[in-house]
Amino acid sequence: MTDVLLPVAIAVPLVAATLPIALGLRYDDAGWPVAAAATTALAGIAAAIVAGVARGDRLSHALGGYSPPIGIELVADPLSAAVLALVAAVSLATLAFVRVVGPRGNSFYSGYLLLVGGLTGMTLTGDLFNLFVFLEIVGISTYALIAADRSGASAYASLKYLVVGTVGASLYLLGVGYAFLATGTLNMLDMQAQLAQVGYGDPLVRASYALIVAGLGLKIAVFPIHAWQPDAYQRAPDAVTTIVAALVSTASAYALLRVSYTVFTVEFLAASDAITATMLVVSGASILAGSVLAAMQSDLKRMFAYSSVAQFGMIVAAIALANETALLGAAVHLVGHGLLKFGLFLGVGLLAYGYGARRLEELASVARAAPFTAGSIAVLALALVGIPPSVGFLGKWYISVGAVESSLAGGGAAGIGIAAVIFVSTLFTLSYVARLLERFYFAGVGLPGDHGEPVVADGGTSGDETAASGDDDAHDRAGPRRVSPVDGAPTVPGVPDRVPPASLAALVVAALVAVALGFAGFGLAEWFDPFLTEVFA
């Protein structure tokens, strides 16, 4: 009976998405209770599915009773179950943050649930065209949520993402069309068998995969087609950035991994040197460029947005290497990076809400005013660098080792090059994380006044007023200042942090889980082993 939970997991948020609009005809505040109930139910269903997969089951459900390859199949295996658990946990935790900071309104909660339903569908579908449908649901809802605060900047960022996302989805659909012409099926496992009969050297098959990679690459935001991502992350409302940064590109990267290994297989990648070489070059450039650009930023949201460009480059490189160890690293890094970016963007949003600080120069000794928030961000940032023990270290380690193994096994110098680029990227990541920690813990030493009193800059302009001006040069002229809580910032009994208590608890839990997973290297390898065994059988 557990397989019945697969369609229920998708239906719950999608059906619930209609209720805030319908109930809004009579109740102005119907959206949040409906969204809270739906995401809580999804979390329970996801837990049951994960438990079923942990028992060794590969869950499969044919929609409408029509068996594949004619009908649409939903599937849960160790990889999809891990991503589903991430989707359920992040969507529920982010909703608590939304409750405090907004955006609000019944239409927003409908869009939020639509996004969650689309992400769930992308994770569980076993059909390539059905994957496109959910990809579009995710895209359309994300465009709307980014512009939810109705500002000109967020509308422009949403429009840029709309254009790029539409191109990406179109390329993906064209690739699926080519694959359908070559095989006559859309079911992933059936197409895998048909592709082996058609031949991996068929131009139609290779064109299909190249188009799918290009389309999903736009959605993932690998260099040089990444420009939409920093603007979207920076300009979106803080709560929207939290879920989008943690899940949207993660779901697209999952789709690329799933299509590459469940549909086209390791044998196809081994027979397509030109495609994999191009993927390795692009991913290597993405790793390096994303890290360099992140190190140049002062705005926290843009900094972590560019870091995502680098981190997803590592995942794409691991996919192209077609090495078992590297693929394990891709799976671990996929889930781990989603967790880290959830925590980091949640922490950035909490500092902005409670203290009005969004840039490095506004964070002098913020650890004094908000020790738990700053400490959790510090732990997550160090995990992003790859400091052990952390999930960030495990992902990078497995990918790097797999890259070296690929070269030693006769794969040429590409694997060594990827490992070297990851090492250089780690140094750049350490540089901007060190800047962040220096601002958190050391930059306010010796400033006049207590940490609750902002320093007045030349000309009688306070640090808060300077921050509000939006002038980067003005920020630099104002110099370092201690942070102070904004008017009306929430209080937590027994805790100095002036941030919402439920969101602070979620942030601390995210930091603890990131460290706990760092100790679970063998456990994660055992969890993903059935998927890896199937792929490399």
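- In this structure, the side chains of Y353 and V486 stay at 4.5 Å or more apart for every pair of heavy atoms.
- For the pair L119/L115, a side-chain contact is recorded, criterion being any heavy-atom separation below 4.5 Å from C-beta on.
- We find the OH-OG1 distance between Y161 and T142 to be 5.0 Å, quoted to the nearest 0.5 Å.
- Considering every non-hydrogen atom in both L23 and A30, the closest pair reads CB-CB, 3.7 Å.
- For F312 and H226, the distance between ring centers is not under 6.0 angstrom.
- With hydrogens and angles disregarded, no donor-acceptor distance shorter than 3.5 Å links the side chain of S425 to the backbone of V421.
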*Do V366 and R439 pass the side chain to side chain contact (heavy atoms under 4.5 Å, CB included) test, and can you show the C-alpha distance, the side-chain angles, and the key distance before you say yes or no?*
CA-CA 8 Å; V366 70; R439 301 302 300 179; over 6 Å; no
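- With hydrogens and angles disregarded, a donor-acceptor distance shorter than 3.5 Å links the side chain of S110 to the backbone of A17.
- A donor-acceptor pair under 3.5 Å links the side-chain atoms of R435 to the main chain of A295, judged by distance alone.
- Side-chain N or O atoms of S390 include one that pairs as donor or acceptor with a backbone N or O of I387 at under 3.5 Å.
- Listed by chain and number, the residues in a side-chain hydrogen bond (donor to acceptor under 3.5 Å, both in side chains) with K396 are T426 (sequence neighbours excluded).
- Taking the side chain as every heavy atom from C-beta outward, L300 and L436 approach each other to under 4.5 Å.
- Residues L216 and A255 share a closest heavy-atom pair of CD1-C, 3.9 Å.
- Under a 3.5 Å cut-off, the side chain of S154 and the backbone N or O of S151 do form a donor-acceptor pair.
- Closest heavy-atom contact between A9 and I49: CB-CD1, 4.2 Å.
- Contact between A305 and F345 at its shortest, heavy atoms only, is N-CZ, 3.9 Å.
- Under the 3.5 Å distance criterion, with hydrogens and angles disregarded, no donor-acceptor pair is assigned to the side chains of Q229 and S308.
- Residues V164 and I225 fail the side-chain proximity criterion, which asks for heavy atoms closer than 4.5 Å.
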*side chain to side chain contact (heavy atoms under 4.5 Å, CB included) between F223 and V282: does it pass, once the steps are laid out?*
CA-CA 7 Å; F223 183 87; V282 171; 6.0 Å; no
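- A 4.5 Å side-chain heavy-atom check between V309 and L293 finds every atom pair outside the cut-off.
- Between F129 and F132, a ring centre-to-centre spacing shorter than 6.0 Å is recorded.
- The distance from atom CZ of R104 to atom CG of D149, rounded to the nearest 0.5 Å, is 13.0 Å.
- At distances below 3.5 Å, at least one donor-acceptor pair connects side-chain atoms of D497 with backbone N or O atoms of F372.
- Residues that satisfy the ring pair (Phe, Tyr, Trp, His ring centres under 6.0 Å) test with H333, not counting sequence neighbours, are absent from this structure.
- For S503 (side chain) and P500 (main-chain N/O), no donor-acceptor pair under 3.5 Å exists by modelled atom type.
- Checked by atom type, the side-chain pair S283/S286 shows no donor-acceptor distance below 3.5 Å.
- Residues L114 and P13 have side chains not in contact (no heavy-atom distance under 4.5 Å, counting atoms from C-beta outward).
- Side chains of T39 and L113 form a contact here, defined as non-hydrogen atoms less than 4.5 Å apart.
- At a cut-off of 3.5 Å, with distance as the only test, no side-chain donor of S91 or Y112 sits close to an acceptor on the other residue.
- By the 4.5 Å heavy-atom criterion applied to side chains, V163 and W228 are not counted as neighbours.
- Residue I315 holds its CD1 atom at 10.0 Å from CD1 of I287, rounded to the nearest 0.5 Å.
- The structure places CG of L351 at 10.5 Å from CD of E362, a figure rounded to the nearest 0.5 Å.
- The aromatic ring centroids of F304 and Y233 lie 6.0 Å or more from each other.
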_Checking R235 against Y156 for the side chain to side chain contact (heavy atoms under 4.5 Å, CB included) test, could you report, in this order, the C-alpha distance in whole Å, the side-chain angles of both residues, the deciding distance, and whether it holds?_
CA-CA 9 Å; R235 302 303 182 184; Y156 173 75; over 6 Å; no
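- Rounding to the nearest 0.5 angstrom, the gap separating the CG atom in L384 from the OG atom in S307 is 4.5 Å.
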*Under the side-chain hydrogen bond (donor to acceptor under 3.5 Å, both in side chains) criterion, do S249 and K219 qualify, and how do the steps go?*
CA-CA 6 Å; S249 289; K219 292 284 191 177; over 6 Å; no
*Yes or no on side chain to side chain contact (heavy atoms under 4.5 Å, CB included) for L346 and D238, after CA distance, side-chain angles and deciding distance?*
CA-CA 8 Å; L346 176 60; D238 290 335; over 6 Å; no
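- In this structure, the side chain of Y27 does not engage the main chain of P20 through any donor-acceptor pair within 3.5 Å.
- Of all the heavy atoms in G118 and F134, the pair that sits closest is O-CB, 3.6 Å.
- In this structure, R358 contributes its side chain and A352 its backbone to no donor-acceptor pair below 3.5 Å.
- Between L84 atom CG and L6 atom CG the span is 8.5 Å, to the nearest 0.5 Å.
- For K341 against A245, the heavy-atom pair with the smallest separation is CB-O, 4.0 Å.
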